[in-house]
Amino acid sequence: MGGSKKPPVYLAFLHRMSKPLQEKLSIINYIPGTFDEKEALEMMGPENSNHEYLRSAVNRHVIQKYDVHKRFNIHGILRDCISEYMLIKDLPLVRGRFCRIFSKILQELENKSFTSDYQWALCQLNLEQQNFNKLLTDVFHCTSDTYQVFVNIASFQFNTTSPTFLFNSPDSYEMGMMFYKECLRLTQQHKNNYDSSKVLSGLGSVITNIKGDYILGERHYRNALRIRQNGPAVKDCSLAFLYQSLGWNLGCQGKSQEAIVFLEKALTIEIELGMNLENLILSTLQSLALFHLDLDHMDIGEKYQLEALRRRRQAIGTDMHPILGAMLNNVGEMYQKKGHISQAEYYFRRGLEIKTQTNAAWKSIALSEVNVANILTETGRPNEALEVLDRSMKRAGEFQNIYQDIRSLINECFGRAFMAKKMYKEAVRHFREAVRRHGDSQSRDYGVLSLQCRLAECLICLEKHEEVIDLITSACRQKDAAIRHKPTTLTILSCYRILQNAQLAIGKFSDAHISHEQGCREYERLKDLFEGLGNEEGLEKVRTEWTNQR
């Protein structure tokens with residue numbers, strides 16, 4: 001009985017306020033979460049009297065002030081009454097004001113996330129999360145007044161090292177997909193191809209970096225690039241971002257050579273635009289380092305890596321930042337590539353320590369944990385590796401249906417650790433799961449070939465030779481494309497070695513002889529290539545790989 005009387009009581013309390021104050025409260029109430037003084041004043045409009053209205057609402061206990069964060073909020077039951085009984089007079093005006101205010105805040109916090117103010121920005125992002133969620137759903141009420149606001153949000157270069165990245169949970173990812181779909185529809189409705197390309201670039205980045213679907217991400221990037229190529233030839237920041245993002249995507253698919261082509265195009269534009277310490281050019285330099293190292297261009301890769309690290313430190317001013325943790329992890333990968341294992345482990349662990357202490361995104365932390373675990377396995381410590389991976393896999397359970405690329409890496413790393421312990425059934429289970437997580441993309445993802453080789457090695461140990469032959473024969477169909485994208489790859493040589501061993505094991509000597517001949521040709525190709533590069537360590541790896549036969 002008492003509960004049914006509450007709304008009239010509270011409504012009477014609100015109606016005793018002046019009409020102007022009631023109108024201002026209805027406007028502030030459009031903000032769904034907590035807000036600060038500046039946000040409330042901007043929402044109410046340009047009137048000089050707004051300070052008095054806010055003070056009056058606080059004094060009357062309609063709005064509660066939280067001194068710890070200097071934030072405000074409307075009391076819950078009063079918020080419900082205001083929503084139901086005090087309608088906003090000009091809803092489109094207020095909605096447009098809300099979108100402009102909070103999109104500006106989102107951009108400011110995004111920019112801060114690349115600086116030494118990262119922790120402050122992270123705190124503010126958490127405080128504003130509910131308001132940003134409403135901002136994204138307001139795209140369904142877009143007008144000509146807010147159209148450009150939403151297009152700009154869709155093309156933000158979000159900091160994926162931040163755990164408050166807008167689409168980093170299954171629910172928020174789905175909300176993000178609806179947001180991008182609606183933004184794309186709006187650009188088509190406005191017949192603005194340039195804006196369509198910007199939205200497609202942003203969509204490709206979310207699908208690549210959050211969903212972990214490189215093939216679908218590439219498709220969106222290619223569509224965006226096709227639009228740009230058919231339009232006016234303008235070399236701007238959006239085109240550089242598109243080139244850089246497509247290059248990163250291709251490199252993640254094992255197409256390092258093609259990736260570098262697009263990354264160099266991005267770098268050219270960034271230099272022409274006068275960039276030096278901006279996030280975009282620093283990301284491009286880092287990507288160039290990774291994919292040159294992947295192609296065994298050691299000197300070029302190291303040059304880019306150290307330059308990217310130097311500039312990041314200059315831009316941020318401290319190593320205690322998730323981006324620096326990621327970069328030190330990449331330095332570890334460089335030393336691992338050079339065969340300096342102890343230095344690699346140091347940088348992997350240091351990168352992981354920084355990421356953990358600065359509350360980096362799970363994906364970023366997991367990448368470092370995978371590298372630490374692989375080093376532990378490689379140096380004869382698989383039990384320690386499994387302890388690290390158990391922590392990663394436990395946290396991965398919070399991110400169902402997203403981050404499939406990282407989940408695949410964790411499974412692969414589990415497989416390598418169990419393989420080192422000669423627990424081949426467990427290793428096979430994890431390697432199969434790692435391959436499965438590549439999904440429909442695996443037939444065109446050259447990064448999955450080395451994974452299939454490891455799976456085949458375990459199957460041989462379980463004497464499942466026929467399955468090995470089917471698996472590797474299928475993998476070898478990608479030989480020409482894999483070599484074209486990464487000429488220094490040893491994976492095809494591994495395929496022929498494994499195939500030959502499986503064929504010999506079941507007495508298919510004629511087939512084994514053919515595999516041996518094909519392997520010898522691949523061995524000679526790699527030998528000539530590494531000799532031409534002057535890469536003695538690469539040569540030794542080739543010799544070791546081909547002589548590791550029965």
Side-chain angles (χ1 to χ4, degrees), residues 207-218 249-256 294 363 366-367 369-371 373-374 377 382 385-386 389-390 392-393 396-397 399-483 485-486 489-499 501-502 545:
I207 289 174
T208 296
N209 297 312
I210 302 298
K211 180 70 172 176
D213 188 335
Y214 302 134
I215 300 302
L216 181 57
E218 180 188 355
N249 174 288
L250 293 169
C252 291
Q253 293 184 54
K255 303 173 183 177
S256 296
D294 187 52
K363 175 176 180 176
L367 281 169
E369 288 176 331
V370 162
N371 281 332
N374 279 333
T377 298
L386 290 172
L389 293 169
D390 281 335
S392 292
M393 188 60 83
F399 302 98
Q400 296 297 326
N401 302 319
I402 60 175
Y403 297 139
Q404 293 300 317
D405 52 342
I406 305 304
R407 294 162 75 88
S408 176
L409 279 176
I410 294 172
N411 280 120
E412 180 181 357
C413 199
F414 264 116
R416 293 173 70 172
F418 281 120
M419 192 175 178
K421 288 168 65 67
K422 301 188 187 305
M423 297 173 65
Y424 299 117
K425 287 185 178 179
E426 280 297 306
V428 165
R429 182 173 69 83
H430 281 286
F431 284 139
R432 288 195 198 279
E433 183 64 12
V435 171
R436 185 191 69 80
R437 290 192 182 280
H438 280 254
D440 295 335
S441 71
Q442 62 182 273
S443 63
R444 300 179 296 279
D445 185 344
Y446 305 111
V448 81
L449 286 176
S450 61
L451 180 53
Q452 290 170 321
C453 284
R454 289 197 174 96
L455 172 58
E457 294 270 25
C458 287
L459 290 170
I460 281 182
C461 293
L462 295 174
E463 299 185 353
K464 296 186 178 183
H465 301 106
E466 292 287 0
E467 186 177 351
V468 170
I469 291 169
D470 290 342
L471 177 65
I472 297 301
T473 299
S474 175
C476 283
R477 295 192 186 106
Q478 300 182 67
K479 181 191 80 168
D480 292 340
I483 292 171
H485 287 294
K486 184 183 175 183
T489 181
L490 303 187
T491 305
I492 302 304
L493 187 64
S494 299
C495 284
Y496 288 131
R497 174 183 59 77
I498 295 167
L499 187 58
N501 288 341
E545 178 59 41

Student: Compare every heavy atom of G254 with every heavy atom of H485, then report the nearest pair and how far apart it is.
Tutor: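 Shortest heavy-atom separation between H485 and G254 comes out as CB-O, 3.9 Å.
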Student: Check D405 with R437, please: is the shortest side-chain N to carboxylate O separation under 4.0 Å?
Tutor: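 Looking at D405 together with R437, the answer is no, because their closest N to O distance does not fall below 4.0 Å.
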Student: Pick out which of I498, I492, L493 makes a side-chain contact (heavy atoms from CB on, under 4.5 Å) with Y496.
Tutor: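 For Y496, the side-chain contact (heavy atoms from CB on, under 4.5 Å) test succeeds with only one of I498, I492, L493, which is I492.
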Student: What's the separation between atom CD1 in I483 and atom NZ in K486, rounded to the nearest 0.5 Å?
Tutor: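 Answer rounded to 0.5 Å: 12.0 Å.
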Student: Take S494 and I472 through the test side-chain contact (heavy atoms from CB on, under 4.5 Å) and record every step on the way to the result.
Tutor: CA-CA 10 Å; S494 299; I472 297 301; over 6 Å; no
Student: If you take all heavy atoms of A482 and T489, which pair is closest and at what distance?
Tutor: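 Minimum heavy-atom contact is O-CG2, 4.2 Å.
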Student: Are any side-chain N or O atoms of T377 and backbone N or O atoms of A373, one a donor and one an acceptor, separated by less than 3.5 Å?
Tutor: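 Yes; judged by distance alone, with no hydrogens or angles, the pair exists.
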Student: Against L386, only a single residue in K421, M393, M423 fulfils side-chain contact (heavy atoms from CB on, under 4.5 Å); can you say which?
Tutor: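 That would be K421; it is the only one of K421, M393, M423 passing the side-chain contact (heavy atoms from CB on, under 4.5 Å) with L386.
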Student: Go through it in stages, so that I can follow the logic: the residues are C453 and C495, the test is side-chain contact (heavy atoms from CB on, under 4.5 Å), and I'd like the CA-CA distance, side-chain angles, deciding distance and then a yes or no.
Tutor: CA-CA 6 Å; C453 284; C495 284; 3.6 Å; yes
Student: How about T208 and D213: do any of their side-chain heavy atoms sit closer than 4.5 Å?
Tutor: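 T208 does not reach D213 side chain to side chain.
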Student: Calculate, to the nearest 0.5 Å, the distance between atoms CD and SG belonging to E426 and C458 respectively.
Tutor: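 Going from the CD atom of E426 to the SG atom of C458 covers 11.0 Å.
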Student: Just by distance, do the side chain of T473 and the backbone of I469 share a donor-acceptor pair under 3.5 Å?
Tutor: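 Answer holds: yes.
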Student: Check whether any side-chain heavy atom of L449 sits under 4.5 Å from a side-chain heavy atom of Q478, and report yes or no.
Tutor: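 They are in side-chain contact.
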Student: Drop me the distance from S392's OG to L409's CG, to the nearest 0.5 angstrom.
Tutor: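 Interatomic distance, S392 OG to L409 CG, rounded to 0.5 Å: 10.5 Å.
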Student: What are the two closest heavy atoms between V468 and A502, and how far apart are they?
Tutor: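 Closest heavy-atom pair between V468 and A502: CG1-CB, 3.7 Å.
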Student: Does the side chain of F414 reach to within under 4.5 Å of the side chain of E433, using non-hydrogen atoms?
Tutor: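 No - every pair of side-chain heavy atoms lies 4.5 Å or more apart.
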Student: Is there a donor-acceptor pair under 3.5 Å between the side chain of K363 and the backbone N or O of N209?
Tutor: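 Flag set: sc K363 to bb N209 pair under 3.5 Å.
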Student: Do any N or O atoms from the side chain of N249 and from the backbone of Y214 form a donor-acceptor pair under 3.5 angstrom?
Tutor: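 Between the backbone of Y214 and the side chain of N249 there is a qualifying donor-acceptor contact (under 3.5 Å).
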Student: Side chains of E467 and D470: does their closest heavy-atom pair fall under 4.5 Å?
Tutor: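 Of all side-chain heavy-atom pairs linking D470 with E467, none is under 4.5 Å.
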Student: Within this structure, what is the SG-OH distance for the pair C461 and Y424, rounded to the nearest 0.5 Å?
Tutor: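 One gets 4.0 Å once the value is rounded to the nearest 0.5 Å.
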Student: Does a salt bridge link R454 with E457, judged by any charged N lying under 4.0 Å from a carboxylate O?
Tutor: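 No salt bridge links R454 with E457.
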Student: By the definition side-chain contact (heavy atoms from CB on, under 4.5 Å), identify the one residue from R432, R436, H430, R429 that meets it with N411.
Tutor: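 Of all the options given, the one that passes is H430.
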Student: Can R407 and E412 be counted as an ion pair, charged N to O under 4.0 angstrom?
Tutor: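 The answer is no: the pair does not qualify as a salt bridge.
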Student: Hey, what do you get for NE2 (H465) to CD (E463), rounding to the nearest 0.5 Å?
Tutor: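 If we round to the nearest 0.5 Å, H465:NE2 and E463:CD are 5.5 Å apart.
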Student: How about R497 and E545: do any of their side-chain heavy atoms sit closer than 4.5 Å?
Tutor: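 Sidechains of E545 and R497: in contact.
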Student: Check whether any side-chain heavy atom of F431 sits under 4.5 Å from a side-chain heavy atom of R416, and report yes or no.
Tutor: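 Counting from C-beta outward, F431 and R416 do come under 4.5 Å.
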Student: Please report the closest heavy-atom contact between S450 and T491, naming both atoms and the distance.
Tutor: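 Looks like N-CG2, 3.7 Å.
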Student: Using every non-hydrogen atom in the two residues, find where P382 and A417 come nearest and quote the distance to one decimal.
Tutor: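 Scanning both residues completely, I find the closest heavy atoms to be CB-O, 3.7 Å.
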Student: Return the CG to CD distance between D390 and E369, rounded to the nearest 0.5 Å.
Tutor: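 Interatomic distance, D390 CG to E369 CD, rounded to 0.5 Å: 10.5 Å.
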Student: L216 vs K211, test: side-chain contact (heavy atoms from CB on, under 4.5 Å). Steps then yes/no.
Tutor: CA-CA 10 Å; L216 181 57; K211 180 70 172 176; over 6 Å; no
